[in-house]
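Just so you know, ligand 1 is whichever comes first in the structure, and atom 1 is the first atom listed for that ligand. All values below were derived from every heavy atom in this structure, side-chain atoms included, with hydrogens, water molecules and symmetry-related copies excluded. By convention here, the first residue in the shown sequence is residue 1.
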Amino acid sequence: MTATPFRPVIAIHGGAGTISRTGGAADQQDAYHAALRAVLGPPQELLARGGTALDAVSLAVDLLEDCPLFNAGHGAVFTHDETHELDAAVMDGATLKAGAVGCVARIKRPARAARAVMEHTDHVLLVGTGAEALAQRLGLEMVSPDYFSTEHRREQLRRALATDKAVLDHDGASLTFRQAAPLDESRKLGTVGAVALDAQGNLAAATSTGGMTNKRPGRVGDSPLIGAGTYADNRTAAISCTGTGEMFIRTAAAYDICARMAYAGASLEQAAQAVVMDVLPAIGGRGGLVAVDRHGNVSMPFNTEGMYRGVARVGEPLQTAIFR
Ligand code: ASP
């Protein structure tokens, strides 16, 4: 997909995973498509009004965090100890500035806290109580940890405890939906993320997650690690990943895409396909990503059966998809 230079575009994901046994009833699939469309509309308008890529991805992730269908913010998964620990990151491709939070439990919208780290500190990553103290001091909305809990996620943890494995969100969800979600909730990676190109030619990426069901307390995934689950550089691309975080960390997955473009002259599509279809599977990595390059090309590869995803170009109809 090639666009004229700097024709603004936003792409989002709501996690990857395997198709549930039924593929989700039609009305369940419709609910996910509707949720993705509701998230894409406002940042598309923001970009059309000349808004920045950074504001567009922040707005998209705000909306995704608020939607309980996705494993970020309200509706986040549980750790082994039946607590929530959320991770988020944001990166500005124009300045290479980045901010992230890890293992936070009381910040309503972790991606906003990540942006606060970027804009109000000299640091990139703050974790736990230190991150929460900053968010509180800056007036971000704080919540009691049970704000994130849903009965559905608790049931998912009970099942995961029975297998004693950390499971990807959409892998765990099908275990609990009476009516199956389109992607197997017990085997799904439920992170959310967004990438955008604005009219000035700037790129940005943001990612937010509850992590993996039954993860050890203190575990940090790829989402808040710059270069692993999140990266943006105006010279190449903006990327937000979802999947088995440890493998994305071990392969520096997001940065690898930019490096292939910068050093080897790969196109966005070639670089993203290589990382998702070759590099990650070689070490058992499952998942996918959304990416946009400085020309507005969008790539959304995944090596699972599905990934909740959508793309909106300014002046064009929204597109959403779940399966291949
Ligand atoms: N990548 C996330 C993590 O490992 C999980 C996910 O994508 O759902 O924390």
Discussion item. Please confirm whether the ring centroid of Phe78 lies under 6.0 Å from the ring centroid of His84.
Written reply: yes
Fill in: Check: Met307 main-chain N/O paired with Arg309 side-chain donor or acceptor under 3.5 Å
yes
Worksheet, complete the sentence: From the list Val275, Thr236, Leu268, side chain to side chain contact (heavy atoms under 4.5 Å, CB included) with Arg260 holds only for Val275
Practice prompt. Please determine if Thr209 has a nitrogen or oxygen closer than 3.5 Å to a nitrogen or oxygen of ligand 1.
Written response: no
Practice prompt. Please determine if Thr191 has a nitrogen or oxygen closer than 3.5 Å to a nitrogen or oxygen of ligand 1.
Written response: yes
Worksheet entry | Sub-3.5 Å N/O-N/O distance, Glu246 and ligand 1 | no
Worksheet item: Which atoms of ligand 1 sit under 4.0 Å from any heavy atom of Thr242?
Response: 6 (C), 7 (O), 8 (O)
Worksheet item: Hey, is ligand 1 close enough to Gly243 that some N/O pair sits below 3.5 Å?
Response: yes
Practice prompt. Return a yes/no value for Gly245: is any of its N or O atoms, backbone included, closer than 3.5 angstrom to an N or O of ligand 1?
Written response: yes
Fill in: ligand 1 atoms in contact with Asp222 (distance to a heavy atom under 4.0 Å)
1 (N), 2 (C), 3 (C), 4 (O)
Discussion item. For residues Phe302 and Val311: do they belong to one hydrophobic cluster (side chain heavy atoms under 4.5 Å, members Ile, Leu, Val, Met, Phe, Trp, Tyr)?
Written reply: yes
Practice prompt. Verify whether one side chain among Thr304 and Arg286 offers a donor that lies under 3.5 Å from an acceptor in the other.
Written response: no
Worksheet item: Can you check whether Cys103's main-chain N or O pairs, donor with acceptor, with Asp87's side chain at less than 3.5 Å?
Response: yes
Worksheet item: Counting heavy atoms only, which part of Arg219 comes closer than 4.0 Å to ligand 1: side chain, backbone, both or neither?
Response: side chain
